[in-house]
Amino acid sequence: MEALYHQSNKHVHEVQSQMGRLESCDKQSVHLLENEIQARIDQIFSNLERLEILSSKEPPTKRQNAKLRVDQLKYDVQHLQTALRNFQHRRYAREQQEREREELMTRSYTTNGTQKKILDVANMLGLSNTVMRLIEKRAFQDKVIMIGGMLLTCVIMFLVFKYLT
């Protein structure tokens, strides 16, 4: 039992050191390291099951101490398992955010997104291409008139401010 306990304890310390390397690992090897850590944790859990059986077979004077040591080891391994899951969750969330950011960066924005929808609906209703081109031309003309009106308003406001104050 002592040899198995020390071997499991050694594995726990190795997993702890690997968890420290996990934060500084590059993106390509992080999956390999995660899988290696998970395999080690699974191995430790199987050792703990054997240790629980062996600790119940210890003499009554040593049994309480052996169970306490096994429980402490199990507690440490459960915390390592939780830490690994938390790391994986943070990594998945970070990758999802990066994918969403890339999608937003590649998306092309139009000044009037509803215009496309209206043209699609009009096309479904059977409006001719000529009518749709007239609508597009009118939308462009409206934009030019709006910008011109804005500039004219700014010029008038500037002149009023300059000459009346």
Side-chain angles (χ1 to χ4, degrees), residues 1-127 129 132-133 135-136 138-140 142-143 146-147 150:
M1 175 173 161
E2 287 297 317
L4 186 59
Y5 173 78
H6 289 298
Q7 178 188 9
S8 298
N9 200 14
K10 180 183 170 192
H11 285 312
V12 167
H13 290 297
E14 289 172 357
V15 168
Q16 287 173 341
S17 68
Q18 285 178 333
M19 290 292 286
R21 288 189 301 151
L22 199 58
E23 292 290 336
S24 62
C25 193
D26 61 346
K27 288 183 178 184
Q28 287 76 22
S29 59
V30 73
H31 295 292
L32 297 173
L33 191 55
E34 281 178 1
N35 291 339
E36 184 179 330
I37 290 172
Q38 186 61 50
R40 281 278 172 100
I41 289 174
D42 293 341
Q43 176 65 37
I44 296 170
F45 272 127
S46 68
N47 286 353
L48 285 174
E49 290 174 2
R50 289 180 21 218
L51 279 171
E52 283 181 336
I53 293 170
L54 292 174
S55 69
S56 65
K57 294 179 181 179
E58 286 286 316
T61 57
K62 294 182 180 180
R63 185 176 302 151
Q64 183 67 24
N65 188 26
K67 285 191 178 205
L68 184 65
R69 289 169 58 190
V70 170
D71 287 342
Q72 180 63 40
L73 203 56
K74 186 185 289 187
Y75 179 77
D76 291 344
V77 174
Q78 287 172 343
H79 278 284
L80 288 173
Q81 181 76 35
T82 303
L84 180 63
R85 285 189 187 130
N86 286 341
F87 175 80
Q88 288 173 333
H89 178 70
R90 284 193 317 267
R91 184 176 55 81
Y92 292 144
R94 191 172 37 239
E95 288 174 356
Q96 179 68 26
Q97 289 173 350
E98 289 174 6
R99 281 193 298 272
E100 288 173 358
R101 187 174 21 253
E102 285 298 318
E103 180 184 331
L104 286 174
M105 295 300 277
T106 57
R107 185 179 294 173
S108 62
Y109 291 98
T110 59
T111 56
N112 193 359
T114 57
Q115 179 181 1
K116 287 183 179 179
K117 290 180 184 177
I118 290 172
L119 291 175
D120 289 341
V121 169
N123 195 16
M124 275 189 351
L125 293 175
L127 294 176
N129 287 335
M132 291 191 336
R133 272 190 249 119
I135 292 172
E136 288 176 358
R138 175 69 190 264
F140 177 75
D142 289 347
K143 187 188 299 185
M146 179 190 69
I147 292 172
M150 291 167 70

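In what follows, every heavy atom counts, from backbone to side chain, and hydrogens, waters and symmetry copies are set aside. Quick caveat, the model's predicted, so the values are computed rather than measured.
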Self-check item: Where Glu58 and Ala66 come nearest, the two heavy atoms and their spacing
Solution: CG-CB, 4.1 Å
Exercise. Count the heavy atoms belonging to other residues, nucleotides or ligands that lie under 6.0 Å from CZ of Arg99, then report whether that count exceeds 12.
Key: yes
Exercise. May I ask you to say whether Arg91 pairs ionically with Glu95, meaning some side-chain N is under 4.0 Å from a carboxylate O?
Key: yes
Quiz prompt | 4.5 Å side-chain heavy-atom contact, Leu48 and Leu51 | solution = yes
Quiz item: Does the side chain of Gln81 pick up a donor-acceptor pair with the side chain of Gln38 at under 3.5 Å?
Solution: yes
Self-check item: Interatomic spacing from CZ in Arg40 to CG in Asn35 - rounded to 0.5 Å
Solution: 13.5 Å
Quiz prompt | CG-CG distance between Asn47 and Asn9, expressed to the nearest 0.5 angstrom | solution = 11.5 Å
Quiz item: Could you give the distance from CG (Leu80) to NE2 (His13), rounded to the nearest 0.5 Å?
Solution: 10.0 Å
Quiz item: If you take all heavy atoms of Lys67 and Ser56, which pair is closest and at what distance?
Solution: CE-CA, 4.3 Å
Exercise. Would you list the pairs meeting ring-ring contact (aromatic ring centres under 6.0 Å, His included) in which at least one residue belongs to residues 59-86, sequence neighbours left out?
Key: Tyr75-His79
Practice problem: Using salt bridge (charged side-chain N to carboxylate O under 4.0 Å, His left out) as the criterion, list what pairs up with Asp42, not counting sequence neighbours. | Solution: none
Quiz item: Without hydrogens or angle criteria, can the side chains of Gln72 and Arg69 be said to hold a donor-acceptor pair below 3.5 Å?
Solution: no
Quiz prompt | Greater than 12 external heavy atoms within 6.0 Å of Glu14's CD | solution = yes
Quiz item: Roughly how far apart are Phe45 CZ and Gln78 CD, rounded to 0.5 Å?
Solution: 5.5 Å
Exercise. State the CZ-CD distance between Arg90 and Gln88, to the nearest 0.5 angstrom.
Key: 10.5 Å
Quiz item: Can you name the residues that form a salt bridge (charged side-chain N to carboxylate O under 4.0 Å, His left out) with Glu52, not counting sequence neighbours?
Solution: Lys74
Quiz item: Taking atom CD1 of Ile44 and atom NZ of Lys10, what is their separation to the nearest 0.5 Å?
Solution: 11.5 Å
Self-check item: CE (Met146) with more than 12 external heavy atoms under 6.0 Å
Solution: yes
Self-check item: Over 12 foreign heavy atoms within 6.0 Å of NE2, His89
Solution: no
Quiz item: Side-chain contact, heavy-atom cut-off 4.5 Å: Met1 with Val70?
Solution: yes
